[in-house]
Visitor: 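Pasting a structure here, questions to come.
Chain letters run A, B, ... following the sequence lines, proteins first, then strands; residues in each count from 1. Everything numeric here is computed off the predicted structure, so don't read it as measured data.
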Protein chains: 2
Amino acid sequence: MPSYKAPVEDSLFLLNDVFRIDRYANLPGFSDLSPDIIEATLTEAAKLCEQVIAPLNRVGDVEGCTRHDDASVTTPRGFRDAFRQLADGGWVGITSPTDFGGMGFPTVLGGVVSEFLASANLAFWMYAGLTQGAIAAIIDHGSADQKATYLPNMIAGKWTGTMNLTEPHCGTDLGMLRTKAKAQADGSHKITGTKIFTSAGEHDMAENIIHLVLARIEGAPAGVHGISLFIVPKFILDENGAPDDRNQVSCGSIEHKMGIHGNSTCVMNYDDATGWLIGGENRGLNAMFTMMNHARLGVGTHGLAISEVAYQNAAAYAKERLQGRSLTGAKFPEKPADPIIVHPDVRRSLMTIRALTQAARALIVWTGLRHDIATRSDDEAARQAAEDHMGLLTPVVKGFCTDCGLVNAVMAQQMYGGHGYIAENGMEQFVRDARINQIYEGANGIQALDLVGRKLALNGGRALMAFFAEVDGYLTEKAGDEAMAPLIKPTRESLGHLQRASGWLAKHGTANPDDSGAGSYDYMQLFGLVAFAYMWCRMVEAATAKLPEATSDQAGRLTTKLAIGLFYMERLLPDTAAHLARIESGSASTMALPAEAF
Amino acid sequence: MPSYKAPVEDSLFLLNDVFRIDRYANLPGFSDLSPDIIEATLTEAAKLCEQVIAPLNRVGDVEGCTRHDDASVTTPRGFRDAFRQLADGGWVGITSPTDFGGMGFPTVLGGVVSEFLASANLAFWMYAGLTQGAIAAIIDHGSADQKATYLPNMIAGKWTGTMNLTEPHCGTDLGMLRTKAKAQADGSHKITGTKIFTSAGEHDMAENIIHLVLARIEGAPAGVHGISLFIVPKFILDENGAPDDRNQVSCGSIEHKMGIHGNSTCVMNYDDATGWLIGGENRGLNAMFTMMNHARLGVGTHGLAISEVAYQNAAAYAKERLQGRSLTGAKFPEKPADPIIVHPDVRRSLMTIRALTQAARALIVWTGLRHDIATRSDDEAARQAAEDHMGLLTPVVKGFCTDCGLVNAVMAQQMYGGHGYIAENGMEQFVRDARINQIYEGANGIQALDLVGRKLALNGGRALMAFFAEVDGYLTEKAGDEAMAPLIKPTRESLGHLQRASGWLAKHGTANPDDSGAGSYDYMQLFGLVAFAYMWCRMVEAATAKLPEATSDQAGRLTTKLAIGLFYMERLLPDTAAHLARIESGSASTMALPAEAF
């Protein structure tokens with residue numbers, strides 16, 4: 001069975017040495033964050049993940065969730081108790097406002113903890129992750145009364161939350177949604193319709209489930225501008241705010257999925273269920289996007305999380321499994337064969353996973369910090385710049401980090417040879433679980449379209465220009481730094497590819513939008529590669545600076561960073577040229593055939 | 001549930017128009033092959049695959065195989081009857097010698113049929129595919145008596161065959177294998193040991209199972225030169241050659257796997273089982289390689305097969321699923337949304353799968369033809385050239401076509417959005433099934449090492465030089481052909497990358513074998529891309545030549561070929577430069593870290 005050790009050291013390196021979290025002490029919630037507190041928090045989270053939650057990962061996969069005849073759902077053995085420990089530790093509300101019982105920690109720290117949790121057990125973590133998304137939506141769009149009513153118990157993990165968007169005939173294109181809401185005299189609405197793919201839609205781990213449901217109020221306009229968001233609790237609250245009458249919402253069935261079996265993905269039936277409008281009539285999509293953006297960064301983190309745990313197990317196996325001899329002569333002549341880590345192709349795989357995983361972690365920490373600035377800074381310009389960054393990077397984090405997640409999980413599984421295909425060894429579960437991250441919260445093709453079709457041109461391309469200015473400025477600043485030279489040159493070249501691609505899309509996309517669409521996926525990948533290269537520059541810079549004063553234990557880790565950074569530049573970054581070539585080929589050959597020819 | 005239609009037309013185009021099978025009438029078994037017979041054969045195979053075997057694909061996945069307390073194994077509902085139809089149609093013995101009841105068709109035709117079968121139901125097909133491999137080993141290495149004893153019933157599909165190589169502690173490195181053989185006075189051997197990952201090891205579809213088992217005769221040398229191959233039938237034959245006493249071999253358990261659930265992957269226990277030596281003492285690996293090479297081409301075909309069936313379903317869904325509007329304005333304003341095939345990124349995915357799938361089919365047909373020349377020609381030089389080609393291309397077909405198989409299956413699944421993650425829709429099964437092809441019969445990393453470490457330098461690089469000469473000669477010949485210009489230039493450039501990479505590896509690999517190892521995987525992919533480019537040139541050439549005389553139905557298909565060929569050049573071939581860059585970066589960064597740093 002796979003094991004897991006949370007990468008506390010690497011996270012601390014990013015927070016303290018690369019992104020200097022101590023510089024943000026002026027932001028609310030940051031002032032008390034001494035390095036000790038950060039380390040203690042991550043260590044505590046690591047313990048829970050390693051000892052309680054990770055051991056349930058395979059149990060969850062094998063048992064899955066069970067729907068009973070009364071429409072109740074049982075989660076896998078051990079999940080209930082583990083969720084209680086998670087909630088009691090305050091982890092559901094780690095970033096929630098202290099006013100409502102949250103820990104008030106920065107988003108960036110919540111992100112690090114969510115990586116640990118998703119590595120340990122993605123299906124389990126989602127129950128809490130979706131609750132965090134629902135909390136965020138209620139904070140941003142709920143009335144004072146709604147906040148007081150729902151937040152404390154959700155933040156305490158007594159109640160959980162869900163997102164109900166998808167219907168059988170519409171997912172990406174929410175304009176077609178049919179679920180209806182009928183206004184009642186008391187200000188509530190009656191909700192009727194069927195939602196599918198509702199993660200954590202029904203289960204046995206919470207006293208109440210707070211569904212956030214998109215529906216169309218009778219008489220509302222067609223399309224996305226007629227959609228409203230409703231709070232539909234599983235149990236309607238009594239006058240004291242305690243769960244009371246059962247609402248007319250129930251789980252019709254649980255989907256049989258490729259992976260994340262431990263999470264109950266439900267068909268939810270709303271049959272004149274009582275709901276309360278949140279965020280204003282016909283403003284549902286707007287409110288839902290709060291959850292969505294939160295969730296998209298979260299899903300990017302899932303991609304990272306699976307990469308990390310898959311890597312750890314592949315590396316351990318590669319050091320242990322004896323097979324064949326080193327090409328340069330036996331390294332362990334006393335053993336019947338060398339461990340497979342002596343083989344360059346095994347190294348190539350392990351180095352690739354690591355280079356992508358550590359860069360993804362850096363990108364997510366960097367973006368998490370910007371999220372905190374965007375939501376907590378009182379400097380208008382800083383807030384706007386941070387918001388721009390978030391908007392631009394969210395599709396990249398979601399799309400690219402989850403694509404890497406699958407590739408990494410597959411590579412890690414491959415290390416095991418035939419044993420990787422056997423369920424008991426747990427590597428194939430990582431592949432099946434990793435696959436969902438590319439699909440939910442907007443399939444990665446939609447992320448690419450969001451990036452190219454919306455984010456690039458927004459505000460006259462302000463966010464993109466700021467990103468270019470930052471990376472370009474950094475490379476210029478470090479141009480004379482000899483230690484950085486092997487990284488600066490390739491990063492500069494790949495940045496040039498991204499800039500050229502951006503120019504090409506700006507020029508051709510207006511004349512022929514299909515040119516944008518046909519290049520969008522490559523552009524997202526190109527962007528991801530360049531962002532990762534920049535992250536490697538930053539990490540290598542910090543590692544180099546820290547080395548002279550490092551303990552011998554630290555020195556090993558820091559030297560490792562330098563080696564992986566170089567590997568990234570030599571082995572992974574060269575792909576940017578091919579992405580550029582594809583983008584510049586336009587859409588002619590892609591769109592040449594009539595639909596009937598497929 | 002997914003559907004399947006065998007690509008008979010595309011196969012006929014390759015056989016008749018691209019590779020001109022009519023030119024090989026001088027080879028035994030080819031003379032009677034009129035275009036009518038070929039078409040009738042493929043049409044018949046298509047019918048069986050579409051109507052009988054494909055409908056069992058999901059049943060097999062859901063039910064899997066069941067081992068009972070008496071160690072017997074039941075295959076999924078419907079498999080037994082379908083296997084009877086397959087056997088009765090003569091399909092197991094399609095390429096086997098007519099002397100023993102086979103149809104005597106060329107390998108190239110058997111390969112086409114096996115693609116259809118593997119598309120329809122990979123897990124089911126493997127029972128027959130492994131039997132074909134065992135038949136090939138007995139033909140090549142068995143005594144006259146062994147051939148007469150075993151071949152007729154195996155060719156008739158009454159008995160099936162298996163390969164027993166892997167043991168818990170050794171797969172790739174067979175030198176470590178421990179299964180023992182003790183010589184008996186009557187010339188037989190007693191075999192004792194445990195084999196794992198034995199596909200089709202035990203089941204209920206045949207009267208006997210003929211296990212080919214690698215074991216070490218008592219006193220034999222250590223390592224790979226002390227391994228012998230044995231025939232160990234499940235039921236020992238009586239004097240009339242009929243199955244009689246149960247042999248001491250049994251299925252200890254069935255593995256729980258990621259996919260191919262319909263095939264029983266068994267732990268096989270040999271406990272003083274009676275076996276008969278085949279192919280000479282300590283010559284086991286040699287004999288096993290007959291099966292292995294057969295199987296490796298077969299597995300490459302599986303990669304193609306999954307790509308094709310996944311594509312068909314993705315294309316159908318893309319034409320049917322309504323979501324969003326075309327970027328260039330609504331294409332079906334009367335519908336609530338456009339079908340997703342209007343979106344360039346959906347097109348990109350479908351075109352990519354197709355370009356890779358059709359090129360893989362061409363490469364496999366081309367290589368299958370060479371196999372026939374290698375085994376049937378009486379022209380010594382032609383035979384040698386064909387054998388060289390086979391040796392060189394086998395790892396490319398196995399490694400590259402199966403890597404494409406996974407990528408294609410994932411891309412096809414992605415078209416379905418969330419619905420692709422749901423088991424009922426069958427797309428996720430293709431991904432799980434496709435994954436095994438990269439692992440078994442030598443994991444793809446081993447294929448890359450075989451290509452770079454063995455095949456390149458063999459006979460002074462004769463095979464590689466011949467391949468270069470063929471492609472180079474072709475490109476030179478077509479240099480003036482205007483219709484071919486958009487293909488010739490990029491193919492020429494990518495061939496240059498491959499040549500440069502070959503030179504680099506030859507130069508550096510001797511001084512530092514790790515440089516070879518670190519570049520091997522990229523080299524295999526680079527080789528695959530160039531081979532596919534050559535295949536696209538050949539297909540576009542044939543399509544262009546055929547167009548003037550084509551019926552309107554044919555014209556549509558031929559024009560489609562031209563469009564896909566161009567797409568391949570613009571969108572997929574640019575990757576060769578990145579592969580070259582990675583290879584030329586050497587092994588320094590890959591091997592920089594000590595094992596403890598992982």
Visitor: Quick check on A/Ile196 against chain B: is it the side chain, the backbone, both or neither that has a heavy atom closer than 4.5 Å?
Guide: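 Side chain only.
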Visitor: In terms of heavy-atom pairs under 4.5 Å, which option from B/Leu580, B/Asp514, B/Thr560 contacts chain A the most?
Guide: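 The candidate making the most pairs under 4.5 Å is B/Asp514.
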Visitor: Under a 4.5 Å cutoff for heavy-atom pairs, which residue among B/Leu327, B/Ile446, B/Thr166 has the most contacts with chain A?
Guide: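 Answer, by heavy-atom pair count under 4.5 Å with chain A: B/Leu327.
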Visitor: Using a cut-off of under 4.5 Å on heavy-atom pairs, state which of A/Ala563, A/Cys170, A/Ala337 scores highest against chain B.
Guide: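 Top option by heavy-atom pairs under 4.5 Å: A/Cys170.
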Visitor: Taking the side chain as everything from C-beta on, heavy atoms only, tell me whether A/Gln413 gets closer than 4.5 Å to B/Met258.
Guide: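 In contact.
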Visitor: So which part of A/Ala577 gets closer than 4.5 Å to some heavy atom of chain B, the side chain, the backbone, both or neither?
Guide: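 Interface part for A/Ala577: neither.
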Visitor: Measure distances from A/Ile436 to the heavy atoms of chain B and classify the residue's part below 4.5 Å as side chain, backbone, both or neither.
Guide: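 Both parts, backbone and side chain.
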Visitor: Given heavy-atom pairs under 4.5 angstrom as the criterion, report whether the side chain, backbone, both or neither of B/Met591 touches chain A.
Guide: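 Both the backbone and the side chain of B/Met591 come within 4.5 Å of chain A.
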Visitor: For chain A, which candidate among B/Gly171, B/Gly259, B/Gly175, B/Gly586 shows the most heavy-atom pairs at distances under 4.5 Å?
Guide: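 So the answer, after comparing B/Gly171, B/Gly259, B/Gly175, B/Gly586, is B/Gly259.
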Visitor: Heavy-atom cut-off 4.5 Å, strictly under: side chain, backbone, both or neither for A/Arg321 against chain B?
Guide: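 When you check distances to chain B, only side chain atoms of A/Arg321 fall under 4.5 Å.
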Visitor: Without hydrogens or angle criteria, can the side chains of B/Ser589 and A/Glu570 be said to hold a donor-acceptor pair below 3.5 Å?
Guide: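 A donor-acceptor contact under 3.5 Å links the two side chains.
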Visitor: Heavy-atom distances under 4.5 Å only: say whether A/Lys319 touches chain B with side chain, backbone, both or neither.
Guide: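 A/Lys319 touches chain B through side-chain heavy atoms alone.
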Visitor: What part of A/Val407 is in contact with chain B, defined as an atom under 4.5 angstrom from a non-hydrogen atom: side chain, backbone, both or neither?
Guide: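 Contact with chain B involves no heavy atom of A/Val407 at all.
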Visitor: Which atoms of A/Arg557 are under 4.5 Å from chain B, going by heavy atoms: the side chain, the backbone, both sets, or neither?
Guide: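 When you check distances to chain B, no heavy atom of A/Arg557 falls under 4.5 Å.
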Visitor: So which of A/Thr328, A/Thr265, A/Asn512, A/Val410 has the largest heavy-atom pair count under 4.5 angstrom toward chain B?
Guide: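 Heavy-atom pair counts peak at A/Val410.
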Visitor: Heavy-atom distance under 4.5 Å to chain B: side chain of A/Ala578, backbone, both or neither?
Guide: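 Backbone plus side chain of A/Ala578, per the 4.5 Å heavy-atom cut-off to chain B.
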Visitor: Before accepting this row, confirm whether a basic side-chain N of the pair A/Arg582/B/Asp575 lies closer than 4.0 Å to the acidic partner's carboxylate O.
Guide: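 Yes, this pair counts.
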Visitor: Salt bridge or not for B/Arg571 and A/Asp522, using N-O below 4.0 Å?
Guide: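 Counted as a salt bridge, because a side-chain N and a carboxylate O are separated by less than 4.0 Å.
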Visitor: Looking at A/Ser349, A/Ala316, A/Ala592, A/Ala423, which has the largest count of heavy-atom pairs under 4.5 Å with chain B?
Guide: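 The answer is A/Ala423.
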Visitor: Which one wins on heavy-atom pair count under 4.5 Å against chain B: A/Ile439, A/Leu322, A/Thr576, A/Val342?
Guide: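 If we count pairs closer than 4.5 Å to chain B, A/Ile439 comes out on top.
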Visitor: Pick one of side chain, backbone, both or neither for A/Phe598, based on which atoms fall under 4.5 Å of a heavy atom in chain B.
Guide: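 A/Phe598 touches chain B through backbone and side-chain heavy atoms alike.
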Visitor: Less than 4.5 Å apart, side chain to side chain, heavy atoms only: is that true for B/Leu449 and A/His343?
Guide: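 Sidechains of A/His343 and B/Leu449: no contact.
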Visitor: Please rank B/Gln429, B/Met427, B/His256, B/Gln312 by heavy-atom pairs under 4.5 Å with chain A and give me the top one.
Guide: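 Looking at each of B/Gln429, B/Met427, B/His256, B/Gln312 in turn, B/His256 comes out on top.
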Visitor: Among B/Ala315, B/Gly556, B/Gly418, B/Ala314, which residue has the highest count of heavy-atom pairs closer than 4.5 Å to chain A?
Guide: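 Among the listed options, the one with the most contacts to chain A is B/Gly418.
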Visitor: Got a donor-acceptor contact below 3.5 angstrom from the A/Asp173 side chain to the B/Gln323 backbone?
Guide: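 A pair under 3.5 Å: no.
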Visitor: Check each atom of A/Pro168 against the heavy atoms of chain B and say whether the ones under 4.5 Å are side chain, backbone, both or neither.
Guide: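 Only the backbone of A/Pro168 comes within 4.5 Å of chain B.
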Visitor: Under the 3.5 angstrom rule, does the side chain of B/Glu428 hit a backbone N or O of A/Lys257 as a donor-acceptor pair?
Guide: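 No: the side chain of B/Glu428 does not pair with the backbone of A/Lys257.
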Visitor: Can you measure from OG (A/Ser587) to CG (B/Asp345) and round to the nearest 0.5 angstrom?
Guide: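 A/Ser587 atom OG to B/Asp345 atom CG measures 12.5 Å (nearest 0.5 Å).
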Visitor: Test your reading of the model: is there a side-chain donor-acceptor pair from B/Gln414 to the backbone of A/Gln438, 3.5 Å cut-off?
Guide: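 Yes; judged by distance alone, with no hydrogens or angles, the pair exists.
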Visitor: Go through the atoms of A/Asn425 and report whether side chain, backbone, both or neither lie under 4.5 Å from a heavy atom of chain B.
Guide: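 When you check distances to chain B, no heavy atom of A/Asn425 falls under 4.5 Å.
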Visitor: Do A/Arg354 and B/Leu593 have side-chain heavy atoms sitting under 4.5 Å apart?
Guide: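 Result yes, sub-4.5 Å side-chain heavy-atom pair found.
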Visitor: May I ask you to establish whether A/Arg435 and B/Tyr421 are in a cation-pi arrangement, using a distance under 6.0 Å from NZ or CZ to the six-membered ring centre and at most 45° from the ring axis?
Guide: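 Because its charged atom misses either the 6.0 Å distance or the 45° angle limit, A/Arg435 does not stack over B/Tyr421.
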Visitor: So for A/Leu406, is it side chain, backbone, both, or neither that comes closer than 4.5 Å to the heavy atoms of chain B?
Guide: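 The side chain, not the backbone.
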Visitor: Which one wins on heavy-atom pair count under 4.5 Å against chain B: A/Glu424, A/Arg325, A/Arg348, A/Met569?
Guide: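 Answer, by heavy-atom pair count under 4.5 Å with chain B: A/Arg348.
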Visitor: Looking only at heavy atoms and a cut-off of under 4.5 Å, which of B/His579, B/Arg432, B/Glu596, B/His419 has the most pairs with chain A?
Guide: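 Sorted descending by pairs with chain A, the first entry is B/His419.
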Visitor: Tell me if a side-chain donor or acceptor on A/Glu255 pairs with a main-chain N or O of B/Ile422 at a distance below 3.5 Å.
Guide: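 Side chain of A/Glu255 to backbone of B/Ile422, a donor-acceptor pair under 3.5 Å: no, none is there.
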Visitor: Side chain from CB out, backbone as N, CA, C, O: work out which of these in A/Tyr311 comes under 4.5 Å of a heavy atom of chain B, or both, or neither.
Guide: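 The answer is the side chain of A/Tyr311.
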Visitor: To the nearest 0.5 Å, what is the distance between CG on A/Leu573 and OG on B/Ser585?
Guide: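 Answer for the CG-OG pair, A/Leu573 versus B/Ser585, is 12.0 Å.
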Visitor: What distance do A/Arg347 atom CZ and B/Thr590 atom OG1 have between them, rounded to the nearest 0.5 Å?
Guide: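 Those atoms lie 9.0 Å apart.
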Visitor: Check A/Ala581 against B/Pro574 and note the closest heavy-atom contact, atom names and distance.
Guide: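 Smallest interatomic distance, heavy atoms only, reads CB-CB, 4.1 Å.
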